[in-house]
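What follows is a short report on a single structure.
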Protein chains: 2
Amino acid sequence: MNEKIKIRRIDYLPARQVTFSKRRRGIFKKAEELSILCESEVAVIIFSQTGKLFDYSSTSTKDVIARYKSHTGGEKSDQITLHQLQSEKENTIRLSKELEDKTRKLRHMKGEDLQDLDLDQLNKLEKLVEVSIGRVIKTKEKKIMSEIMALTNKGAELIEANNQLKQRLVMLSAGGDIEPAAIMELENLNNVGEEGMTSESATNVTACSSSALSLEDDCSDILSLKLGLP
Amino acid sequence: MNEKIKIRRIDYLPARQVTFSKRRRGIFKKAEELSILCESEVAVIIFSQTGKLFDYSSTSTKDVIARYKSHTGGEKSDQITLHQLQSEKENTIRLSKELEDKTRKLRHMKGEDLQDLDLDQLNKLEKLVEVSIGRVIKTKEKKIMSEIMALTNKGAELIEANNQLKQRLVMLSAGGDIEPAAIMELENLNNVGEEGMTSESATNVTACSSSALSLEDDCSDILSLKLGLP
DNA sequence: CGCGCTATTTTTAGCAG
DNA sequence: CCTGCTAAAAATAGCGC
């Protein structure tokens, strides 16, 4: 009366639902029998097509899953994560301490929170800051010098270019139709440029920076008159 | 020929092993049939009595377990840990950046790695360091002053104590059996103490520290002659 | 551990309620 | 969704290899 069915998806929904129900019970029963007959731990997890969960376990599905994870090296996703977390926390603590240390040192370098330093530490700090200001000033001088050199060179190039332009104009005016007044204007322009760009003024700026610190702002203001350098 | 067996532990080990093997296969087969027939997701996890793991899954046992956990709300211990880890990593990144920033600033304050600063930054840095050295020197002066005050007071106390001791000795010697030479020795000791502890020398030290920085070592050396203060 | 065999038990497809 | 029925199919206990 009954037909042997092929193991393939049951298309007719009601039949499929009935089969699902029956066979599910069957598996659960078999699982229980196995666990009793052979004293083994069994868990069966089934999700129906509609996403509903059915599970059987001889003990506790979660326990079996835990045992499964520990058995398959499932520590990977769990214990390694815990290790990572631990490691990251240690990292955080270490970084926090370093940051605290650096912050304290920085405050000391800025002359803050000095109350808890003793005389010896204060002396060392003073020397450190003195060395620092020396380096800062030295670096600033170099920077100023190089900027001035650049400006001087640029100025020289401009003067040279102007001279060449003037010569061309003279040559052209020799050809006839340019007034002498135009050439005079160009020469005046050139003179203005030379006044701002003598190497003499560069020397003055450097000297001012290294000897009288309170004049630094004036120095930088002078340098702010750049000729549009990059 | 065959007997119906009762569902209870099989005592005879070989039979139990065989049954375990056969029924295990049977369950796996049933599980597979169910998953195909009803388009469902099935996982079976079996631990033999000896602790050996056997598992079947229509897809992946781990996937089914993950789905099971998300279904039962087992996300607690896992996803929260992941969130913590994420949070800690962000913490680490933030701290690293802050540390890097502080380190850079500290190096600048020490006058190191100044090449990449422009003139404006150098000027600000210079002012910062100048302010700093002013504060350091001021703090040092206060410290020196308070130490000198403490030493002066200590010296005065000692002189007072010595005087009292002297008077007691004089009174005792009036009683008869002490030579005058011992009293002279005590007075000499007292004079040495007063020479090292005048408020005049304290003023000198303070002046030297605020005006001539290169003399700082001498100042601290003078102060190193402590009278055993805590 | 596996495989095969056979008699027996168990499961289950299909249908009805 | 369940229950019960029945006949067919499947699983399996016990055995030997």
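All values reported here derive from a predicted model rather than from experimental measurement. Throughout, a chain's letter reflects where its sequence line sits, starting with A, and its residues are numbered from 1.
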Query - Point-to-point distance, once rounded to the nearest 0.5 Å, from CD of B:Glu41 to CG of B:Asp63 - result: 7.0 Å
Report summary line: Rounding to 0.5 Å, atoms CD (B:Glu112) and CZ (A:Arg135) come to a distance of 5.5 Å
Query raised in the report: In degrees, rounded to 10°, what is the bend between the two ends of the helix from C:dG2-D:dC17 to C:dG17-D:dC2, using five pairs at each?
Result: 50°
Requested in this report: Give a yes or no on whether a salt bridge exists between A:Arg94 and A:Glu98, defined as a side-chain N under 4.0 angstrom from a carboxylate O.
Outcome: yes
Query raised in the report: Distance only, no hydrogens: is a donor on one side chain within 3.5 Å (strictly under) of an acceptor on the other, for A:Glu88 and B:Thr92?
Result: yes
Report task. Starting at atom CD1 of A:Ile7, determine the distance to atom C1' of D:dA11, rounded to an integer number of angstrom. Result -> 13 Å
Query raised in the report: How do B:Arg24 and B:Glu33 order along DNA chain C: which one's closest nucleotide is nearer the 5' end?
Result: B:Arg24
Query raised in the report: Over how many whole Å does the gap from A:Leu34 atom CG to D:dT12 atom P extend?
Result: 9 Å
Report task. Look at the side chain of B:Ser48 and the backbone N and O of B:Lys52, then say whether any donor-acceptor pair between them is shorter than 3.5 Å. Result -> yes
Requested in this report: Using a heavy-atom cut-off of under 4.0 Å over every strand shown, decide if A:Lys22 touches base, sugar-phosphate, or nothing.
Outcome: base
Report summary line: dist A:Lys138:NZ -> A:Lys142:NZ (nearest 0.5 Å) comes out at 5.0 Å
Query raised in the report: Between A:Ser21 and D:dC2, is there a side-chain N or O to OP1/OP2 distance below 4.0 Å?
Result: yes
Query raised in the report: Whole-Å distance between C:dA13 C1' and A:Asp11 CG?
Result: 16 Å
Query - Rounded distance [0.5 Å steps], CG in A:Asn91 versus CG in B:Asn91 - result: 10.5 Å
Report task. Round to the nearest Å and state the distance from B:Phe28 atom CZ to D:dT12 atom P. Result -> 12 Å
Query raised in the report: What about B:Lys30: does its side chain form a donor-acceptor pair under 3.5 Å with the base of D:dA11?
Result: no
Requested in this report: Give me the residues of residues 35-56 of chain B where at least one heavy atom lies under 4.0 Å from an atom of DNA chain C, by number, or none.
Outcome: B:Lys52
Query raised in the report: Roughly how many Å is it from CZ in B:Phe20 to P in C:dC1, rounded to a whole number?
Result: 9 Å
Report task. Name the nucleic acid region contacted by A:Arg25, choosing base, sugar-phosphate or nothing; use a 4.0 angstrom heavy-atom cut-off, strictly under. Result -> sugar-phosphate
Query - side chain to side chain donor-acceptor pair (under 3.5 Å) between A:Gln49 and B:Ser40, worked out - result: CA-CA 5 Å; A:Gln49 198 187 18; B:Ser40 47; over 6 Å; no
Requested in this report: Kindly indicate whether the side chain of B:Lys29 and the base of D:dA10 share any N or O donor-acceptor pair separated by less than 3.5 Å?
Outcome: no
**Report entry** Whole angstrom value for the distance that separates C1' of D:dA13 from CD1 of B:Ile10
**Finding:** 9 Å
Report task. Starting at atom CD1 of A:Ile5, determine the distance to atom C1' of D:dA8, rounded to an integer number of angstrom. Result -> 12 Å
Query - Spacing between A:Arg23 atom CZ and C:dT11 atom C1', to the nearest angstrom - result: 8 Å
Report summary line: On DNA chain D, more 5' by nearest nucleotide between A:Gln17 and B:Thr19 is A:Gln17
**Report entry** Euclidean distance, A:Lys110 NZ relative to B:Met109 CE, rounded to 0.5 Å
**Finding:** 7.0 Å
Query raised in the report: Rounded to the nearest 0.5 Å, how far does OG1 of B:Thr59 lie from CZ of A:Phe47?
Result: 9.5 Å
